[in-house]
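Quick notes on the structure that follows.
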Amino acid sequence: MELPKFILGDNTDHPEAIFVIHTEFPRFIINLQDDEVEWFEEFDQHDQKEIEDETENLIKEASAFYDREVARYGDD
């Protein structure tokens, strides 16, 4: 199965949260409400520097994905 790069997540235990799941390396879930990130990967020191450099870009991509999805719901 081929997964999309981003998936929206919802959970009634967290009604204010806006979860976006990133399915490619580095895999993570971000809560766009507070930009809290939970990584599914473990990183060594070499990876850590690369991830820190890329994190800002990944958060922007996740936010853009969410905005696009919400806009599409409004088109229905």
Side-chain angles (χ1 to χ4, degrees):
M1 169 183 5
E2 186 174 332
L3 295 175
K5 184 174 182 176
F6 292 105
I7 299 170
L8 289 178
D10 189 24
N11 187 301
T12 57
D13 292 334
H14 304 276
E16 300 299 318
I18 303 167
F19 296 112
V20 176
I21 300 102
H22 182 254
T23 64
E24 298 176 358
F25 184 83
R27 296 172 302 146
F28 64 87
I29 294 177
I30 182 170
N31 181 349
L32 294 179
Q33 179 189 24
D34 57 12
D35 289 340
E36 184 176 348
V37 176
E38 181 70 30
W39 299 97
F40 291 119
E41 315 292 351
E42 292 188 25
F43 307 108
D44 61 24
Q45 286 183 337
H46 177 265
D47 290 338
Q48 188 68 33
K49 175 64 175 143
E50 184 178 329
I51 297 306
E52 288 173 2
D53 292 343
E54 185 64 18
T55 297
E56 183 178 347
N57 186 47
L58 292 171
I59 290 172
K60 286 179 184 177
E61 285 184 36
S63 295
F65 165 77
Y66 174 77
D67 291 342
R68 186 192 79 193
E69 292 298 299
V70 169
R72 288 180 177 175
Y73 286 127
D75 292 342
D76 290 341

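The analysis underlying the following values was restricted to heavy atoms, covering all of them including side chains, and did not include hydrogens, waters or symmetry mates. Here the structure is a predicted model, which means the values were calculated and not measured.
- Proximity of S63 to L32: side-chain heavy atoms (C-beta onward) are separated by under 4.5 Å at one or more points.
- Cluster annotation: I21 and Y73 are assigned to distinct hydrophobic clusters (Ile/Leu/Val/Met/Phe/Trp/Tyr, side-chain heavy-atom contacts under 4.5 Å, transitive).
- For N31 (side chain) and I18 (main-chain N/O), a donor-acceptor pair under 3.5 Å exists by modelled atom type.
- Other residues, nucleotides and ligands contribute only 12 or fewer heavy atoms inside 6.0 Å of the CD atom of E36.
- In this structure, F65 and F6 have parallel ring planes: the angle between them is below the 30° cut-off, well short of the 60° mark.
- Classification of the F19-H14 ring pair by plane angle, with boundaries at 30° and 60°, yields perpendicular.
- The shortest non-hydrogen separation linking W39 to L58 is CH2-CD1, 4.4 Å.
- The side-chain heavy atoms of V20 and L8, taken from C-beta on, include a pair separated by under 4.5 Å.
- Other residues, nucleotides and ligands contribute more than 12 heavy atoms inside 6.0 Å of the CD atom of Q33.
- Residue pairs meeting the salt bridge (charged side-chain N to carboxylate O under 4.0 Å, His left out) criterion with at least one partner in residues 4-14, sequence neighbours excluded, are K5-E61.
- Scored by the side chain to side chain contact (heavy atoms under 4.5 Å, CB included) test, F40 finds R27, I29 as partners (sequence neighbours excluded).
- Of the listed residues (E54, E42, E41), just one forms a side chain to side chain contact (heavy atoms under 4.5 Å, CB included) with P26, and that residue is E41.
- Taking CD of E16 as the reference point, atom CG of D34 lies at 11.5 Å (rounded to 0.5 Å).
- Between I30 and A62, the closest heavy-atom pair is CG2-CB, 3.9 Å.
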